[in-house]
Undergrad: 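Shown below is the structure under consideration.
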Amino acid sequence: MTGDKDARRKRNMKWLAYIVAGVIAQTAIIVVFVLLVMRIRNLKVRIDSVTVENVNATSSSSSPSFNMKLTALVTVKNTNFGHFKFDDSTATISYRGAEVGKGTIPKARAKARSTRKLNVTVPVSSSKLSTNSSSLVSDIESGILPLSSHAKLNGKIHLFKIFKKKKSAEMNCTMEVDTKKNAIQKLTCK
């Protein structure tokens, strides 16, 4: 009888050890899942390329001006395991800190662990600038206009159609427009 009790006790201890090991393994899997999959990472918004059309630049000292149309390929890189839905946003183009153009980034969705590409067209004009700007005359005469762009996308990350978390992504880029070649030089984004 004591041999049966000892054998049963050993068997019960084995089962208890298996159950404890299973619980520890499941806990470890859940912790790894939460740390890797459920963690919300920052999104990246960048301008990949810009085409310049209809450039008209006048460098007369009395009324220097420029007009053009920029078409930018904006990319939204989502490294999360859930998709990112964002609302309409505004992309602004500035010349030496003064706004010279606005364009709309349409609402869209960047799928999980992918990059969404959007075309944004922005009409750019110096009509809002003060005409007394000596730097505007020298920039137009040199053929290089320094521009910067900014946009902020506000939306939500959707994880497994259950969890939703508000997130925003911001874009700050600088570029130089060569008005003689109708091209962009030195496009950099932060």
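We number each residue from 1, following the sequence as shown.
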Undergrad: Please check this pair: side chain of T179 against backbone of G143, looking for a donor-acceptor N/O pair closer than 3.5 Å.
TA: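 Side chain of T179 to backbone of G143: a pair is present.
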Undergrad: Using 0.5 Å steps for rounding, measure from the OG atom of S149 to the CE atom of M171.
TA: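 One gets 4.0 Å once the value is rounded to the nearest 0.5 Å.
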Undergrad: Could you check whether atom OH of Y18 has more than 12 heavy atoms from other residues, nucleotides or ligands sitting under 6.0 Å from it?
TA: no
Undergrad: Do V74 and D48 have side-chain heavy atoms sitting under 4.5 Å apart?
TA: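 Side chain of V74 against side chain of D48, heavy atoms only: no contact under 4.5 Å found.
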Undergrad: Decide whether I162 and I40 are clustered together by the hydrophobic rule: side chain heavy atoms of Ile, Leu, Val, Met, Phe, Trp, Tyr closer than 4.5 Å, transitively.
TA: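 Hydrophobic grouping puts I162 with I40.
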Undergrad: Could you grab the distance from atom CG of L70 to atom CG of N54, nearest 0.5 Å is fine?
TA: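 If I round to the nearest 0.5 Å, the distance is 10.5 Å.
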Undergrad: Side-chain heavy atoms under 4.5 angstrom apart, residues restricted to Ile, Leu, Val, Met, Phe, Trp, Tyr: same cluster for F163 and F86?
TA: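 Same cluster: F163 reaches F86 through Ile, Leu, Val, Met, Phe, Trp or Tyr contacts under 4.5 Å.
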Undergrad: Indicate yes or no for a side-chain donor-acceptor contact from N80 to the backbone of G82 under 3.5 Å, with no hydrogens or angles considered.
TA: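 No, the answer is negative, given that no donor and acceptor are paired below the 3.5 Å cut-off.
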Undergrad: Which atom pair, heavy atoms only, marks the closest approach of F84 to N154?
TA: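 Residues F84 and N154, closest heavy atoms: CZ-C, 4.4 Å.
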Undergrad: Looking at every non-hydrogen atom in both residues, tell me the closest pair between N42 and T79 and how far apart they are.
TA: O-OG1, 4.0 Å
Undergrad: Take Y95 and D139, measure what side chain to side chain contact (heavy atoms under 4.5 Å, CB included) needs, and give me the verdict at the end.
TA: CA-CA 11 Å; Y95 168 78; D139 286 340; 2.5 Å; yes
Undergrad: Look up atom CE in M13 and atom CG in D6, then write down how far apart they are to the nearest 0.5 Å.
TA: 12.0 Å
Undergrad: Ignoring hydrogens, what is the shortest heavy-atom contact between P64 and L136? Give both atom names and the distance.
TA: O-CD2, 3.7 Å
Undergrad: Should I157 and F160 be counted in the same cluster of Ile, Leu, Val, Met, Phe, Trp and Tyr side chains packed under 4.5 Å apart?
TA: yes
Undergrad: Assess whether side chain to side chain contact (heavy atoms under 4.5 Å, CB included) is satisfied between T104 and V120, documenting all intermediate values.
TA: CA-CA 7 Å; T104 301; V120 178; over 6 Å; no
Undergrad: Between K152, K44, H150, K190, which is the residue that forms a side-chain hydrogen bond (donor to acceptor under 3.5 Å, both in side chains) with E170?
TA: H150
Undergrad: How close do S59 and I140 get, heavy atom to heavy atom, and via which atoms?
TA: CB-CG2, 3.4 Å
Undergrad: Enter the distance from E53:CD to K69:NZ here, rounded to the nearest 0.5 Å.
TA: 4.5 Å
Undergrad: For a quick check under 3.5 Å, do T115 and T75 share a side-chain donor-acceptor pair by atom type?
TA: no
Undergrad: I'd like to know whether V50 forms a side chain to side chain contact (heavy atoms under 4.5 Å, CB included) with T71, so could you lay out the CA-CA distance, the side-chain angles of the two residues, the decisive distance to 0.1 Å, and finally the verdict.
TA: CA-CA 6 Å; V50 180; T71 303; over 6 Å; no
Undergrad: F81 ring centre to R113 NZ or CZ under 6.0 Å, with the angle to the axis within 45°?
TA: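 Here R113 passes the 6.0 Å and 45° test against F81.
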Undergrad: With rounding to the nearest 0.5 Å, note down the distance linking CE in M68 to OG in S126.
TA: 8.5 Å
Undergrad: Give a yes or no answer on whether the side chain of N78 reaches the backbone of S114 with a donor-acceptor pair at less than 3.5 Å.
TA: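 No, because the side chain of N78 does not come within donor-acceptor range (under 3.5 Å) of the backbone of S114.
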Undergrad: Between S125 and S127 (side chain of the first, backbone of the second, donor and acceptor by atom type, cut-off under 3.5 Å), is there such a pair?
TA: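 Present.
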Undergrad: A quick test of your reading: do over 12 heavy atoms of other residues, nucleotides or ligands sit less than 6.0 Å from CZ of F33?
TA: yes
Undergrad: More than 12 foreign heavy atoms under 6.0 Å from NZ of K128: is that the case here?
TA: yes
Undergrad: Looking at every non-hydrogen atom in both residues, tell me the closest pair between L43 and K167 and how far apart they are.
TA: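 Shortest heavy-atom contact: CD1-CG, 3.9 Å.
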Undergrad: V100 and I144: same hydrophobic cluster, using ILVMFWY side-chain contacts below 4.5 Å?
TA: no
Undergrad: Can you tell if the side chain of H158 reaches within under 4.5 Å of the side chain of K164, non-hydrogen atoms only?
TA: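 Yes - at least one pair of side-chain heavy atoms lies under 4.5 Å apart.
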Undergrad: Let's go through H83 and K85 carefully: what are the C-alpha distance in whole Å and the side-chain angles of both, what is the deciding distance for side chain to side chain contact (heavy atoms under 4.5 Å, CB included) to 0.1 Å, and is it a yes or a no?
TA: CA-CA 7 Å; H83 63 269; K85 279 187 177 178; 3.9 Å; yes
Undergrad: Which heavy-atom pair separates I47 from C189 by the least distance, and what is that distance?
TA: N-SG, 3.5 Å
Undergrad: Rounded at 0.5 Å granularity, tell me how far CD in E99 sits from OG in S148.
TA: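 One finds 10.0 Å between CD of E99 and OG of S148.
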